[in-house]
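Comments concern the structure below.
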Amino acid sequence: RKEVEQDPGPFNVPEGATVAFNCTYSNSASQSFFWYRQDCRKEPKLLMSVYSSGNEDGRFTAQLNRASQYISLLIRDSKLSDSATYLCVVNMFDMRFGAGTRLTVKP
Amino acid sequence: NAGVTQTPKFRVLKTGQSMTLLCAQDMNHEYMYWYRQDPGMGLRLIHYSVGEGTTAKGEVPDGYNVSRLKKQNFLLGLESAAPSQTSVYFCASTKDPISGANVLTFGAGSRLTVL
C-alpha cells in the first residue's frame with residue numbers, strides 16, 4: 001500500500017461548481033500536511049498548508065482528520081484558472097506526494 | 001536570489017551511460033529532496049537530505065546515488081542509466097519541513113531521456 005493515496009480523477013466540472021478531493025495516508029506519525037498545485041510540465045507550487053483545525057483561503061478549504069488519516073481540499077465556485085493537477089503532501093521529514101488529481105474546469 | 005537551480009534542464013543519454021544532476025539552492029535550507037515524475041504517478045521521492053553530509057533513501061532509490069557535501073548542493077547520480085529512468089526530475093528544498101509555514105521551493109525540473 002502506498003503511503004499517500006489520492007482520488008485518481010480526472011475531475012471535469014463546469015465553472016462555478018464545487019469540487020472536493022481526498023487524500024489518505026498510512027503513517028499515523030505524519031506531522032505536517034499540504035496541498036500543492038501543478039500546472040502542466042511545471043514545478044509544483046504550494047496551494048495551502050493543512051492545519052488540524054481546518055483552514056480556509058478564499059475559495060479553498062483544507063481539512064485534516066487524524067483519526068481517519070485523511071486530508072481534503074474543497075474548491076468552491078470553480079474558475080477556469082483552477083484547472084491543474086492537485087497534489088497532497090504528507091510529511092515526516094520525507095515529504096511524500098500523492099499521485100495527484102487532475103481537475104479540468106470547463107466554461 | 002535564484003532559489004533552486006537545477007542543471008542540466010534537458011539531457012539525452014544512452015543506456016549504460018552515467019550522469020549527475022546538480023541541484024543548488026541559495027536560501028540556506030537544511031532539507032533537500034530529489035523526486036522523479038512520470039505520467040500519472042505524481043512525484044516519487046528518490047532520496048533526501050536533512051543537512052550537509054547526510055542522505056536518506058526515499059520511495060524509489062534504486063539505481064540512483066546522492067551526495068550532499070555542501071549545504072547548498074544536492075547531487076543526484078545515475079551510475080548506469082536505464083530506459084526506466086527516463087523521467088522528469090525535480091529538486092526541492094525547505095528550511096523546516098514540519099512547520100506549515102515553510103514551503104518546499106522547487107527547481108524548474110530536469111527532463112532526462114535514456115535511449
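Only a predicted model underlies this, so the values are computations on that prediction, with no experimental measurement involved.
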Please check if the number of heavy atoms outside A:Lys45 that lie under 6.0 Å from its NZ is greater than 12. no
Within a radius of less than 6.0 Å around CD of A:Glu56, do more than 12 heavy atoms belonging to other residues, nucleotides or ligands occur? yes
Do you know which two heavy atoms are closest between A:Leu87 and B:Gly42, and how far apart they sit? CD2-CA, 4.3 Å
Would you say A:Leu47 ends up clustered with A:Val19 if hydrophobic residues are merged whenever their side chains have heavy atoms under 4.5 Å apart, either directly or through other cluster members? yes
Is there side-chain contact between B:Tyr35 and A:Met95, with heavy atoms separated by less than 4.5 Å? yes
Can you tell if the side chain of B:Leu104 reaches within under 4.5 Å of the side chain of A:Phe34, non-hydrogen atoms only? no
Spatial distance of atom CD (B:Gln37) from atom OG1 (A:Thr85) [nearest 0.5 Å]: 8.0 Å
Gap separating the CG atom of A:Asn91 from the OH atom of B:Tyr31, nearest 0.5 angstrom: 9.0 Å
Within one Ile-Leu-Val-Met-Phe-Trp-Tyr cluster: A:Tyr70 and A:Trp35, side-chain cutoff 4.5 Å: no
Is any side-chain heavy atom of A:Gln38 less than 4.5 Å from a side-chain heavy atom of B:Phe90? yes
If hydrophobic clusters are built by linking Ile, Leu, Val, Met, Phe, Trp and Tyr wherever their side-chain heavy atoms come under 4.5 Å apart, do A:Leu73 and A:Leu103 end up in the same one? yes
Side chain / backbone / both / neither for B:Glu59 at chain A, heavy atoms under 4.5 Å: both
Cut-off 4.5 Å, heavy atoms of chain A, and the answer for B:Leu45 is side chain
Find out if a path of hydrophobic residues (ILVMFWY) with successive side-chain heavy-atom gaps under 4.5 Å connects A:Tyr36 to B:Tyr89. no
Neighbour count >12 (heavy atoms, 6.0 Å) for atom CD, A:Gln63: no
Contact summary for A:Phe97 and B:Leu43, nearest pair of heavy atoms: CB-O, 3.5 Å
